Q: 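Pasting a structure below so you can have a look.
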Amino acid sequence: MTAMVLSWCLLLAQLMLALAMLCATWRVLRGPRAQDRVVGLDTLYVNAMLLLVTFGIRSGTQVYFEAALVIALLGFVSTAALAKFLMRGEVIE
Amino acid sequence: MNGWQQHLAILPIALPLILGAIMVALDEHRWRLKAAMGLASILAMLAAAAALAVQAHAGGAASLQVYRLGNWPASFGIVLMVDRLSALLLLVTALLGLAALLYALAHWQRMGAHFHALLQFQLMGLNGAFLTGDLFNLFVFFEVLLAASYGLALHGSGVARVKAGLHYISMNLAASLLFLIGVSMIYGVAGTLNMADLAARLPRMPAADRPLLEAGAAILGVAFLVKAAMWPLGFWLMPTYAAASPPAAAIFSMMSKVGVYAVLRLVLLLFGPETGESAGFGNTWLMAGGVVTIVFGAISVLGTQDLPRLAGGCVLISSGTLLAAVGAGQIAVTGGALFYLTSSALAIGALFLLIELLDRGRDLGADVLAVTLEAFGDGDDEEEQQGDDGIGVPIPMTMAALATCFLCCALVLAGLPPLSGFIAKFAMLDGILNPAGLGKGPALVTPGGWALLIALILSGFATLLAMTRAGIRNLWADLDRAVPRVGAVEIAPVLLLIFVCIGMTVAAGPVMRYMQATAASLHTPQDYVRQVVGRPR
Amino acid sequence: MQDAFYLLAAVLLPYAGALITALLPANARTVAWLAGGTALLTLLMVVLGYSDIAAGRIPRVALPWAPELGLSFTLRMDGFAATFAVMASGIGFLVVLYSRYYMSPDDPIPRFFSFLLAFMGSMMGLVLSANLIQLVFFWELTSLFSFLLIGYWQNLAAARDGARMALTVTAGGGLALFAGVLVLGHIVGSYELDAVLAAGNLVRAHPLYLPALVLILLGAMTKSAQFPFHFWLPHAMAAPTPVSAYLHSATLVKAGIFLLARLWPVLAGTDAWFWILCPVGLITLLVGAYVAIFQHDMKALLAYSTISHLGLITLLLSLNSDLAMVAAVFHIINHATFKASLFMAAGIIDHETGTRDIRRLSGLNQSMPFTARLALVAAGAMAGVPLLNGFISKEMFFTEALTAATTPTLLHSILPIAATLASILAVTYSLRFIHGAFFGPETDDLPKKPHEPPQFMRVPVEILVFACMVVGILPSATVGPLLDLAARSILGDATPEYSLAVWHGFNLPLVMSLIALAGGVALYRLLYRHLNAGIDGTPLLERLDGRRAFDQVMVFISWRFARALERLMATDRLQMQLRLLVCIAFLAATLALLPHGLAPGGVQLTPVDPVVALMWVVGGACAIAAAYQAKYHRLAALVMLGGAGLVTCLTFVWFSAPDLALTQLLVEIVTTVLMLLGLRWMPKRIESAGSGHILARLRRLRDLAIAAAAGLGLTAISYATMTRVSPDGISRQFLERAYTEGGGTNVVNVILVDFRGFDTMGEITVLGIVALTVFALLRRFRPAAESVGMPEQQQGEARDWLLIPAVTMRLIFPVIIAVSLYLLLRGHDQPGGGFIAGLMLAIGILLQYMAGGTRWVEDHLRVLPLRWMGFGLLLAAGTGAAAIAFGKPFLTSYFAYADLGPLGKLPLASAVIFDLGVFALVFGATVLMLIALAHQSVRRPRAAPPPPVAALPEPAAAAAGEN
Amino acid sequence: MRKLLPHPLVSAALLLLWLVLDQTLAPGPVLIGSIIALIGGWTLAQLDPGRPRLRRPGVALRLAGQVLLDVARSNLAVARAILGRPKDRRAGFIRIPLALRDPRALAVLAAILTATPGSAWVEYDGEEGCLLLHVLDLGEEEEWMRLVKDRYEQPLMEIFA
Amino acid sequence: MELVLALAIGILGGSGVWLLMRPRTFQLIIGLSLLSYAVNLFIFSMGRFPVGAAPILEPGGKGDPASFADPLPQSLVLTAIVIGFATTALFLVVMLAARGFTGGDHVDGRPPR
Amino acid sequence: MIPQAAELPWFAALPVALLLLGGAGLTLIGSIGLLRLRSFYERVHAPTLATSYGMGCILIASMIFFSVLQTRLVIHEVVIGAFIVLTTPVTLMLVARAALHRDRLEKNATVPPSINQPAT
Ligand code: NA
Ligand code: NA
């Protein structure tokens with residue numbers, strides 16, 4: 001029973017996260033301005049990272065941990081670079 | 001075979017890799033050291049290739065040396081396979097590499113960064129592609145040689161190189177993706193990547209999976225044909241080769257042969273006569289594509305005033321000839337084609353080097369003038385004739401040497417006597433007309449065979465026309481040109497390549513025997529497959 | 001053995017002489033003696049062989065060359081070959097002698113003699129070849145060396161053009177001959193001359209007879225200047241006169257005739273033979289003779305006369321009559337002697353007077369009487385005056401023409417009239433040659449004061465003219481045996497009875513001769529005024545200009561035709577090339593699949609996971625939107641590409657490939673940053689409302705269809721494969737052996753660094769090479785003028801905006817180092833490894849560059865990426881090579897656990913060292929690329945290059961990359 | 001000691017990170033982790049030669065608790081704001097003068113404000129020491145001012161003295 | 001689920017091919033990137049639909065092919081990713097160099113007339 | 001279904017389930033905010049729901065799940081949380097600052113002017 005509940009809750013949580021990704025994607029696609037897309041991408045990264053953690057729970061293994069870890073540590077780099085490009089027109093001065 | 005000899009196969013890959021790595025780490029001003037290292041490496045490669053060829057040839061009918069990397073069994077590890085074909089191509093590669101390096105010593109080595117390292121990696125890629133017995137590893141080595149070729153094509157930078165390079169890289173990146181698609185499809189249905197293993201599994205493959213395998217092979221073939229510059233996939237070739245620096249272009253004359261090599265190897269290994277339903281897969285297309293490529297190359301050769309483009313056109317003709325010859329699917333033709341491959345690769349390499357020497361000292365206006373001169377009916381010769389009728393002009397030693405070299409290249413490429421091009425062409429045509437051997441059986445010549453015969457003869461004529469025109473314009477007509485300053489180290493590689501062509505003519509017997517033996521074992525891959533797959537760890 | 005010696009010597013001596021001569025200094029005069037000696041020795045060799053032939057033996061020698069191809073170097077000298085060999089070497093010797101005096105001291109003479117001797121060798125090889133392929137071999141060599149000889153005065157445009165024309169026509173014909181010989185060999189089953197000659201009936205009955213015949217005749221006709229290929233010969237007169245004397249009397253042009261006669265037993269005797277050759281010969285005979293009359297240049301006159309005589313011989317050969325064959329051989333010999341001497345005489349005149357123009361020359365009989373006598377006799381032979389050799393063979397020709405006329409076709413029946421007409425014309429031009437130059441009043445209006453040439457310059461002419469007379473008076477005693485041997489070696493037992501006598505009684509041929517002589521004199525008188533009026537061109541045939549036609553054809557072929565076809569067949573536009581590539585790949589796969597179709601396999605499908613499906617809604621939307629936005633909204637496209645990449649990465653995770661996911665993610669980050677770094681140098685784009693053109697829309701629609709087809713194709717193939725039962729492939733091995741034999745639990749990593757470590761080595765090499773290339777290319781980077789200035793985003797004032805973020809970005813760096821090393825060290829057993837760690841560390845460095853700027857970072861932290869790369873590659877390759885030291889194949893791995901007491905067991909795997917190399921290289925290469933790009937911004941304040949000419953003005957831009 | 005351990009806190013955190021990642025306390029990993037922690041500290045010293053002085057760990061702990069609480073609260077508030085009607089709230093910029101000057105301290109403040117839903121750090125001017133904040137629901141500007149200055153800036157100034 | 005993966009490959013590939021045929025260099029580079037995603041997933045799919053666990057073994061064990069995902073395509077994709085990364089970087093730089101030399105960003109240097 | 005779910009006692013499973021739902025819910029609300037909020041500066045707040053308690057809940061769920069399952073302390077998810085807390089401000093600060101910069105360049109009146117450039 002608990003297994004059932006847990007499984008369903010997990011599935012529900014994953015669906016919510018997937019929907020959250022969808023929302024973020026909408027912002028990426030719609031814009032209207034570049035900064036909106038960047039924020040959208042950043043959110044997409046975070047949502048994806050959380051989805052990865054739930055994948056780990058679902059499969060009961062920890063091999064997905066590293067992927068989540070790397071997104072958490074470095075996922076911001078590309079968005080930061082994008083933001084810097086918006087600000088300065090170049091990423092490295 | 002024991003001791004160090006057993007490791008000879010890895011040398012053409014490992015040595016340039018290691019020396020290249022050291023060159024990368026060395027400072028730029030150590031170019032003399034780098035040149036010396038490069039030279040040593042190529043000489044060692046040359047020696048190794050010669051030794052491998054001797055070993056392979058001495059081994060009799062089914063001589064194959066299998067080098068199991070990492071000591072893993074052939075079926076799932078990566079193996080190198082040295083047979084006559086790979087040894088031959090290693091040898092040609094080393095020769096061209098030596099020529100390119102020598103030529104670059106004069107000044108090209110310092111026209112951009114890391115020339116020597118790139119050259120080593122280029123040779124490593126070529127050697128690896130010729131040696132590997134694994135499909136995916138072939139992809140990797142294709143990428144190595146392509147990456148290095150991108151570097152060499154762009155060596156020296158400049159508008160023309162970069163513009164051509166963009167096209168070249170785009171096409172080859174797309175082709176590489178096709179390569180991946182093809183390889184993975186083959187893996188998907190056959191479950192293996194080893195070429196010999198693949199050939200062994202092919203007969204047992206379920207009929208329902210066969211179309212997928214053939215589709216994979218077809219896509220793979222398209223990727224190879226881009227590299228071989230088959231029409232209409234090879235429009236990138238002429239601008240790229242024409243823009244590349246001479247040493248790079250000389251090496252590139254081998255690069256287009258890699259595509260042909262891959263086609264040759266795989267077609268015969270996977271779709272040879274005893275593969276049942278798949279036998280002869282794609283031969284007709286190869287033949288047709290090859291012939292059209294010859295025609296296209298001939299037209300390009302005819303239509304250009306520009307020496308580098310002319311040489312590029314010769315590459316196209318050479319590629320087309322080889323593809324069509326592979327498509328003919330006959331041992332005798334393949335043997336001739338291998339002879340042709342060797343001689344044309346060397347001659348084109350020499351030509352690319354020569355072109356720059358010829359262009360040196362020409363004033364820029366000459367080319368513009370030549371276009372109008374081409375309508376050669378204009379009678380400005382009258383007054384010239386009045387002037388100094390009947391007194392010859394001595395040709396400076398340098399020009400004489402250049403002219404002789406140019407003539408030799410032209411003869412080889414047009415397939416005219418007395419050089420190796422003629423023998424090559426004869427061997428192929430004789431094979432087309434008499435597949436079973438001269439006077440043995442009333443073999444029917446296919447329409448494709450006739451088309452190839454006509455295309456070969458006509459392309460030879462076109463090459464002759466274009467080369468004569470170019471030679472006369474560059475060596476005879478341009479009277480007040482300055483005699484180019486040519487270093488010994490620049491003419492030496494040209495002479496080296498031409499001497500090899502001459503040697504192939506004189507020793508046509510033994511050389512041809514090698515080629516025929518190579519072709520025979522390529523066409524009967526069973527021994528090959530048995531030797532690779534049959535031996536357990 | 002003896003055979004071998006003199007046959008080989010006959011061919012190789014001239015080449016040896018040529019080689020030695022070529023190496024002599026440019027103005028060595030002694031070279032003539034060397035050349036003359038060589039020629040004489042060659043002649044001696046032929047004569048040595050002649051005794052054997054006379055004894056009824058055919059000397060031969062065979063050296064193995066390429067036996068696999070049925071190709072041996074075989075020489076064979078029968079009577080016919082000997083005849084030609086005598087002519088080639090004998091006249092060759094005389095020409096050398098003559099040249100010694102003819103050529104100017106300022107001419108670079110060794111080159112001349114070298115080419116001449118090489119040509120002689122080729123001619124000897126040609127006539128002595130016992131193998132058809134070998135014959136073609138020497139055939140093309142004669143073309144080649146004649147090209148060099150004709151173009152000897154390469155400073156003259158006429159010489160260049162003449163040489164080129166000769167080579168084009170003769171070598172082109174040679175290629176046809178090559179094809180023809182190949183077909184002939186295919187028919188017979190051998191290229192050996194003996195075998196071919198014995199297979200006449202087989203050949204003539206074969207369906208491929210006609211193609212072979214046409215191809216071979218093409219070769220012969222081009223070489224022997226038969227109509228319509230005759231035009232190259234007069235232009236070859238731009239060569240020094242000795243060359244003309246040699247090439248156009250006895251050798252080059254006779255090669256075609258030689259071939260016709262040589263293959264006569266095999267190819268002749270059919271209607272096709274007659275109907276091709278006879279009209280050609282006839283037209284050549286008549287047109288050549290007619291045009292010759294109107295030439296003002298003595299050499300040109302001789303050239304056209306040569307054409308005419310070649311036509312005559314061809315005509316004789318075409319008649320399918322044995323007697324005509326004998327006549328042809330006889331005329332070959334006669335023509336060689338008188339024509340060579342005439343050319344030499346013309347050369348003497350040219351040499352001593354400075355001109356060859358008959359209109360200017362006059363009365364040379366006074367100043368150079370000896371020469372005049374010699375020329376007179378030779379011209380008489382050419383005209384067919386009795387008691388000279390030309391007369392006898394011409395009589396035989398008339399006889400044959402009359403015999404042929406008994407066959408009731410129009411062509412046959414006009415032959416006697418045509419023969420007489422041709423003879424009339426021959427008399428006319430011979431008369432013009434002699435009368436125009438030697439008779440009439442003496443003139444002062446010459447470039448040089450004429451006088452007799454040096455004694456020895458005349459000797460060759462004297463010898464030849466003497467031969468003309470001796471043969472003309474005593475034919476059977478002199479040339480009889482040679483002719484007999486020659487004819488017999490062609491006709492064999494079928495050799496007919498013939499009589500070589502001056503007087504055959506008063507018969508029809510004699511009448512024809514007399515008519516010709518009288519008619520010729522009359523015609524010359526009739527045309528006298530016209531000829532002396534100095535009008536250029538040939539009456540009635542003004543339009544017939546072979547050279548112009550040739551030029552036009554050449555221009556057409558190499559310009560209009562080739563270029564038009566090239567335009568049609570090729571494109572230099574990348575879009576089209578890529579389109580073609582995609583379409584061809586699609587078609588290739590489709591064609592392969594079509595015969596059997598592509599049905600999905602029978603594997604039980606996996607139920608759809610809504611989460612993944614939703615994920616792919618995201619991925620698909622991002623991909624499509626990126627495709628849509630990439631033109632005008634680069635930044636947006638980049639962001640969307642990031643979205644698609646992220647979903648791909650999630651998919652890898654979902655499908656149990658953590659290593660892939662990690663790598664994909666990191667690569668994605670680096671790529672995004674790289675592209676952003678590059679974006680700074682790209683031109684601004686603003687969306688234009690245009691491009692709504694209907695054609696443009698159609699093109700886009702077509703591309704859309706192609707893209708959709710390609711996408712669907714990929715879908716179909718992957719679906720079909722995924723639904724099939726997996727083959728029992730090699731992957732089982734990896735799973736089973738990864739730990740036990742590879743020493744790692746992360747199977748993917750063990751594959752990467754051990755099982756297929758060789759792939760990895762290649763792959764890191766690729767990365768290294770690319771980094772080097774990027775580095776080299778960027779060093780010469782020249783930004784576009786408009787990108788040189790500061791980006792407009794920096795126009796506005798902004799302070800301290802990076803102050804706070806930079807603190808965090810710096811703080812993160814050690815964290816990144818730690819995590820990167822963590823992933824590196826556990827890679828063999830858990831997800832991670834060299835690639836991932838290397839990329840990660842590179843991103844760490846990148847972050848510092850972003851936070852602090854290039855200068856600041858490089859003041860604080862020095863990374864030497866090239867060293868890292870070299871070290872990494874060396875470590876990886878060295879690990880591989882180290883195995884060799886232990887007698888194991890390259891890349892054989894080794895692993896053990898070192899017991900470090902309380903610190904636990906340390907895994908010692910060579911694969912880990914290999915992975916360390918990978919790490920170093922990936923790190924170095926990535927950093928090198930990033931830094932090289934970043935440095936462009938630092939280099940910015942430099943002089944703006946002038947805008948390149950080719951640049952089109954880009955649409956002016958207002959906004960930044962986006963909106 | 002300063003040379004060996006230029007950033008003791010960072011090094012300690014790195015060691016901790018290593019051990020958490022490796023999920024072990026065995027001597028081998030501890031040794032490797034220590035080495036890496038040292039290397040990390042040295043590298044950071046290259047980039048950031050300054051040596052921050054942190055004191056008052058009690059204050060720091062209290063601040064952490066406070067932040068956790070605030071974040072939870074504003075999570076709910078923002079969730080309500082998103083799901084509710086836009087008319088009910090007023091978003092806007094607010095400028096806050098700061099006395100805090102240490103960039104590290106500012107970075108912590110930035111992290112806190114960013115992590116707290118409803119407030120976004122937009123601009124900081126170092127010369128004037130002025131922070132521009134964007135707030136989702138402005139309410140009373142004074143309250144925001146007090147929140148930042150008293151609740152976060154004050155303890156931070158104590159910690160980064 | 002197989003169809004979802006196949007469609008994903010198709011969409012990525014189709015978008016990539018579309019961009020491949022566009023005239024601007026930047027479109028080309030985005031197209032090549034999308035295509036390499038597609039190809040990577042494609043290679044992956046050639047190991048059959050991956051249902052097993054990640055190919056990470058228990059120490060000392062032998063992997064059972066039935067319960068693990070096929071590791072070989074994974075390693076092939078890994079190689080392909082890295083090579084794709086390298087070539088993308090190279091293409092980018094060549095694209096920049098071409099832009100610098102020709103002044104525009106058309107793949108042929110200048111748009112056709 | 002989760003393979004190991006059955007091995008989990010209810011006192012662990014329940015919080016895990018709730019935390020997952022809560023975290024995912026917060027994350028979803030945050031992303032919905034990305035859609036619903038009207039201006040960029042408002043939207044910038046939305047993702048912080050995910051990076052604060054949204055993330056926190058899910059990470060704690062994972063920690064509980066694995067710790068109970070493996071009967072040992074599995075807390076390495078903490079590292080993820082730390083990294084997110086460390087890095088999110090960097091992105092958001094940069095993006096917001098960039099947006100402000102661009103708005104100012106375009107003389108957008110809805111944003112406050114630069115502090116040392118008194119309002120015009
Ligand atoms: Na006269
Ligand atoms: Na916030």
Side-chain angles (χ1 to χ4, degrees), chain C residues 796-827 829-832 837 840-841 844-853 856-863 897-908 912, chain D residues 6-7 9-11 13-24 26-50 52 98 100-111 113-114 121-132:
Chain C
E797 175 275 348
R799 262 191 342 216
D800 297 334
W801 60 278
L802 203 53
L803 183 69
I804 313 302
V807 173
T808 317
M809 285 153 103
R810 263 169 224 149
L811 183 66
I812 284 179
F813 188 47
V815 177
I816 292 179
I817 295 177
V819 175
S820 139
L821 292 178
Y822 165 73
L823 290 176
L824 170 68
L825 291 184
R826 67 204 289 270
D829 293 327
Q830 294 291 320
M840 203 160 176
L841 196 56
I845 294 280
L846 160 74
L847 211 52
Q848 299 319 302
Y849 271 80
M850 271 168 61
W856 187 89
V857 173
E858 285 172 8
D859 285 345
H860 288 83
L861 197 70
R862 235 131 160 98
V863 186
Y897 287 89
D899 199 348
L900 298 181
L903 290 178
K905 283 183 171 176
L906 183 68
L908 280 180
V912 173
Chain D
H7 290 275
L9 266 179
V10 171
S11 293
L14 285 178
L15 178 58
L16 192 65
L17 167 71
W18 186 267
L19 296 177
V20 169
L21 283 178
D22 229 3
Q23 304 187 40
T24 171
V30 170
L31 183 68
I32 299 176
S34 308
I35 294 169
I36 284 167
L38 284 179
I39 293 174
W42 298 334
T43 322
L44 187 60
Q46 291 280 310
L47 296 169
D48 187 1
L98 289 181
L100 200 63
R101 284 295 146 90
D102 183 3
R104 297 180 197 85
L106 284 169
V108 177
L109 180 61
L113 287 175
T114 310
W121 179 294
V122 176
E123 186 187 25
Y124 172 76
D125 190 295
E127 249 167 63
E128 312 277 330
C130 187
L131 164 69
L132 184 67

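In what follows, chains carry the letters A, B, and so on, assigned in the order in which the sequence lines appear, proteins first and then strands, with residues in each chain numbered from 1. Quantities reported herein were computed from a predicted structural model and do not represent experimental measurements. When reading the values below, keep in mind they use all heavy atoms of this one structure, side chains included, and skip hydrogens, waters and symmetry mates.
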Q: Check whether any side-chain heavy atom of C:Leu821 sits under 4.5 Å from a side-chain heavy atom of D:Ile32, and report yes or no.
A: no
Q: Ignoring hydrogens, what is the shortest heavy-atom contact between C:Arg810 and D:Leu44? Give both atom names and the distance.
A: O-CD1, 3.3 Å
Q: What are the two closest heavy atoms between C:Pro814 and D:Gly40, and how far apart are they?
A: CB-O, 3.5 Å
Q: Between C:Gln830 and chain D, with a heavy-atom cut-off of 4.5 Å, which part of the residue counts as in contact: side chain, backbone, both or neither?
A: neither
Q: Does any backbone or side-chain atom of D:Ile36 lie under 4.5 Å from a heavy atom of chain C? Answer side chain, backbone, both or neither.
A: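 Only the side chain of D:Ile36 comes within 4.5 Å of chain C.
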Q: Considering all heavy atoms of both residues, which atom of C:His860 and which atom of D:Gln46 are nearest to each other, and what is their separation?
A: O-OE1, 2.8 Å
Q: Counting only heavy atoms closer than 4.5 Å, note whether D:Ala107 contacts chain C via side chain, backbone, both or neither.
A: both
Q: Counting only heavy atoms closer than 4.5 Å, note whether D:Leu14 contacts chain C via side chain, backbone, both or neither.
A: side chain
Q: Need one label for C:Phe813: side chain, backbone, both or neither, based on atoms under 4.5 Å from any heavy atom in chain D.
A: side chain
Q: Does any heavy atom of chain D fall under 4.5 Å from the side chain of C:Leu811, the backbone, both, or neither of them?
A: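 The answer is both parts of C:Leu811.
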Q: Are C:Val807 and D:Leu106 side-chain neighbours, meaning at least one heavy-atom pair lies under 4.5 Å?
A: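 No, every pair of side-chain atoms sits at 4.5 Å or beyond.
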Q: Whether the side chain of D:Tyr124 engages the backbone of C:Ile804 through a donor-acceptor N/O pair (distance < 3.5 Å, no angle test) should be reported.
A: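 Not at all, since once roles are kept as given, no pair shorter than 3.5 Å links the two residues.
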Q: With a 4.5 angstrom heavy-atom cut-off, which part of D:Trp42 approaches chain C: side chain, backbone, both or neither?
A: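 Interface part for D:Trp42: neither.
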